[in-house]
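Chain letters run A, B, ... following the sequence lines, proteins first, then strands; residues in each count from 1. Since this is a predicted model, take the numbers as computed values, not measurements.
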Amino acid sequence: MHNKEPLAMADRVKFKDLSPEEKQDYRDRLRHSTAHVLAEAVTKLFPDAQLTIGPPIEDGFYYDFAVPEAFTPDDLNKIEKEMRNSIKANTEFSERETSRDEALELVRDNQYKVEILEGIPADERVTFCSHSDGAFEDLCRGGHMARTGDIKAYKLLSTAGAYWRGDENNAMLQRIYGTAWESRDAQKDYLKRLEEAEKRDHRKLGRQLGLFFFDPIAPASPFFLPKGAQVMNGLIEYVKELYGKYGYQEVMTPQIFNTDLWKKSGHLDAYAENMYFVEVDEREFGVKPMNCPAGAMIYAADSHSYRDLPMRLADFGRLHRNERSGVTHGLTRVRSFVQDDAHIFCTLDQIGDEINSFLQMLNEAYETLGFESYRLELSLRPEKRVGSEEMWDSAEAALTEILDASGVEYEAESGEGAFYGPKIDIFVPDAIGRDWQLGTVQLDFSLPERFDLEYAAEDGSRQRPVVIHRAMYGSLERFLGVLIEHLSGAFPLWLAPVQAVVVPIADRHIDYCHNVGDELESAGIRVVVDDSNDRMNAKIRQAQLQKVPYMLVAGDQEIEAGTLAVRTRTGENIDPMTVAEVSTKFLRQIAERS
RNA sequence: GCCAACGUAGCUCAGUGGUAGAGCAGCUGUUUCGUAAACAGCAGGUCGGCAGUUCAAUCCUGCCCGUUGGCUCCA
């Protein structure tokens with residue numbers, strides 16, 4: 001949207017009649033315009049503030065200011081009020097082109113704008129945009145509404161520190177986030193959506209559902225309660241089932257290793273800042289942040305021939321990574337976690353099949369778990385890396401080829417790869433739309449080299465295998481966090497920590513309920529009999545809040561008929577069933593993972 | 001790591017320069033109930049930690065720990 005004329009919404013054209021592209025353009029302009037009005041208000045209230053950038057973003061906008069002191073929540077109110085004046089005045093947005101010299105003269109007191117100006121390609125126009133009858137002007141490439149009065153709904157949401165150009169070596173600016181919409185209703189809907197998402201926050205639900213908790217004694221490291229552990233194990237069991245189908249073998253490896261191993265693997269050079277070290281008997285050990293070196297040792301423990309390959313070794317080992325303090329977040333970014341990790345040792349020729357088969361398994365798992373849409377990203381060589389340029393060239397080429405041939409859409413990101421190889425990452429959004437990397441498949445030409453891994457080829461020569469690191473869930477902790485948000489904590493029957501609660505209506509029904517409970521339990525169903533001294537209504541409510549899939553109610557009528565009244569957590573009442581019928585129904589549903 | 005906010009009972013939160021309260025949960029008792037909260041009583045807190053200011057600090061100040069929001073969707 002370079003150097004576009006200001007947009008006036010013709011009176012007869014309704015927002016809802018615009019095409020998706022036009023809607024996006026309209027909202028971008030609206031939000032960028034609001035950012036300008038924000039900048040004007042800040043300039044008025046804080047004359048020392050220097051303007052930097054203020055782009056539209058998804059659902060809103062931000063503007064970064066260089067100010068001596070951070071904004072307070074109260075400042076936001078004042079700024080919002082000031083913005084109102086400008087919008088009420090309903091002045092025109094206008095743009096004018098200047099020469100570079102003139103522009104430089106106008107922004108010379110603002111190093112940030114000078115930098116921006118210097119970054120504008122020589123063949124591009126330099127423009128300034130203004131409103132409030134010229135009282136406010138900002139170096140800007142354009143893309144506005146026609147008038148300030150076109151801003152119908154806006155709200156400042158939060159402040160945050162943000163580095164200039166996102167680089168922590170640069171000065172920290174103060175960012176104000178806001179949102180703006182084509183109508184008050186649209187904004188209301190958005191704020192409502194945010195509220196709803198908050199209810200699905202996995203940290204909140206984790207508490208409420210008794211799944212896990214955190215304690216400062218082990219920062220960013222979850223404690224899983226019995227129910228949470230049950231769900232984690234459910235996820236692991238499912239992977240193990242898939243492993244049976246896709247030809248994996250499981251191994252188990254140590255937790256801490258002499259630092260010599262990390263020297264050999266390259267982690268000491270490339271990853272030490274994220275590792276934990278312990279010294280025992282004057283020898284230094286590193287706690288594993290990844291399983292791969294141990295996997296390489298397992299491979300190297302025996303001699304192999306091409307007939308053994310591909311060898312797929314799964315390792316559910318616990319990993320520890322010392323993440324920077326500011327980046328940890330609930331279950332989605334922790335310091336101690338488990339992955340559904342596996343290393344595939346194969347020949348160059350087998351890479352394509354292995355990755356394709358992995359992506360197929362991943363798709364099967366994600367469909368089962370209800371992640372119907374996920375995003376693929378191809379990450380290419382980072383600055384800090386091991387291995388030769390030739391190795392990187394061929395590894396990147398291999399992944400690109402596979403993705404192109406598969407026909408699925410993906411984005412390529414340079415500089416995002418692991419230090420030992422390029423990778424394909426799988427991303428899924430959480431409740432408020434933040435993307436989290438879950439699955440991953442990474443090529444590694446370096447590990448086999450470093451551990452001198454070999455296999456005997458058909459012609460008797462010794463060859464180096466390739467290693468593919470891969471995980472579907474990635475971190476099980478993170479996966480669970482995102483899964484909780486997707487499901488609002490309502491796990492499918494097969495994963496639910498408690499699959500059914502048996503509810504007696506009065507004390508005289510308790511014995512019958514216990515018998516029912518015992519029978520279902522021995523059939524392998526996770527069932528709880530609520531024999532507490534509460535009224536039935538309270539028990540139903542309790543089970544409902546705990547998102548238990550089924551409530552089995554028994555009173556005089558049921559005992560008489562030898563049945564159970566079945567209620568689902570969606571509030572539906574199914575026809576009464578015998579215990580045997582309930583058991584059959586549940587077991588089938590569990591087996592199908594439906 | 002950096003910027004900002006926050007940290008009070010198991011949980012969610014109120015509150016004050018004179019050593020603290022509610023609801024829920026818990027325990028005890030009463031009640032025996034038909035699909036989202038019966039009633040009563042009891043118990044529960046070094047107010048995140050350490051210093052400092054003060055006659056007196058949960059409240060003010062500093063440091064530390066932890067949590068939360070954010071830290072390139074580029075004029």
query: Quick one: does A/Y177's side chain get under 4.5 Å of A/L156's, heavy atoms only?
result: no
task: Nearest-nucleotide wise, let me know which of A/L173 and A/P55 is further upstream toward the 5' end of RNA chain B.
output: A/L173
- prompt: Expressed in angstrom and rounded to an integer, what is the separation of A/E168 atom CD from B/C3 atom C1'?
  reply: 13 Å
message: Is the positively charged end of A/R333 above the ring of A/W436, judged by distance under 6.0 angstrom from the centroid and angle within 45° of the axis?
response: no
query: Contact class for A/V327 vs. all strands (heavy atom < 4.0 Å): base, sugar-phosphate, or nothing?
result: base
query: When we call it a touch if two heavy atoms are under 4.0 Å apart, what does A/R175 touch: a base, just sugar-phosphate, or nothing?
result: sugar-phosphate
- prompt: Can you check whether A/F46 reaches A/F71 side chain to side chain, under 4.5 Å on heavy atoms?
  reply: yes
query: Heavy-atom distance under 4.5 Å between the side chains of A/D59 and A/Y190, does that happen here?
result: yes
message: If you take any heavy atom closer than 4.0 Å to RNA chain B, which residues from residues 553-562 of chain A end up in contact?
response: A/V553, A/G555, A/D556, A/Q557, A/E558
message: Side-chain N or O of A/R203 versus OP1/OP2 of B/U68: is the shortest distance under 4.0 Å?
response: yes
task: Provide, to the nearest angstrom, the distance between the CD1 atom belonging to A/I510 and the P atom belonging to B/C33.
output: 13 Å
query: What about A/F15 and A/Y26, are their ring centers closer than 6.0 Å?
result: yes
message: Mind checking if A/D507 touches a base, just sugar-phosphate, or nothing, with heavy atoms under 4.0 Å?
response: base
- request: Grab the two heavy atoms, one from A/R321 and one from A/P289, that are nearest each other, plus how far apart they are.
  value: NE-O, 2.9 Å
Any residue of residues 212-230 of chain A with a heavy atom less than 4.0 Å from an atom of RNA chain B: A/P216, A/P219, A/A220
message: With a cut-off of less than 4.0 Å, is there a side-chain N or O of A/R535 near OP1 or OP2 of B/C33?
response: no
message: Just to be sure I follow the notation: if a pair is Watson-Crick (purine N1 to pyrimidine N3 plus N6-O4 or O6-N4) or a G-U wobble (N1-O2 and O6-N3), each under 3.5 Å, what dot-bracket string does RNA chain B give, with | for pairs to another strand?
response: (((((((..((((....[..)))).(((((.......))))).....(((((..]....))))))))))))....
- request: Considering just the side-chain nitrogens and oxygens of A/Y177, establish if one lies under 4.0 Å of OP1 or OP2 belonging to B/C71.
  value: yes
- prompt: Across the strands shown, which category fits A/T328 at heavy-atom distances under 4.0 angstrom: base, sugar-phosphate, nothing?
  reply: sugar-phosphate
task: Remember a base hit wins even if backbone is also touched, and classify A/N533 as base, sugar-phosphate or nothing at under 4.0 Å, heavy atoms.
output: base
field: Contact nearer the 5' end of RNA chain B, comparing A/F71 with A/I505
entry: A/F71
message: Let's see if you can work this out: which of B/C73, B/G34, B/C74 has an atom nearest to the side-chain heavy atoms of A/E58?
response: B/C73
message: Heavy atoms only, 4.0 Å cut-off, all strands: where does A/G60 land among base, sugar-phosphate and nothing?
response: nothing
- prompt: Just to confirm, is there a sub-4.0 Å distance from OP1 or OP2 of B/G69 to any side-chain nitrogen or oxygen of A/H329?
  reply: yes
query: Looking only at heavy atoms, which two atoms of A/V501 and A/A543 are closest? And how far apart?
result: CG2-CB, 4.1 Å
message: If you only use heavy atoms from C-beta on, which nucleotide in B/C3, B/A37, B/G69 is closest to the side chain of A/M172?
response: B/C3
message: Students often get this wrong, so: under 4.0 angstrom with heavy atoms, is A/R207 touching a base, only sugar-phosphate, or nothing?
response: sugar-phosphate
- request: Quick one: label A/L139 by what it contacts on the DNA or RNA (base, sugar-phosphate, nothing), any heavy atom closer than 4.0 Å.
  value: base
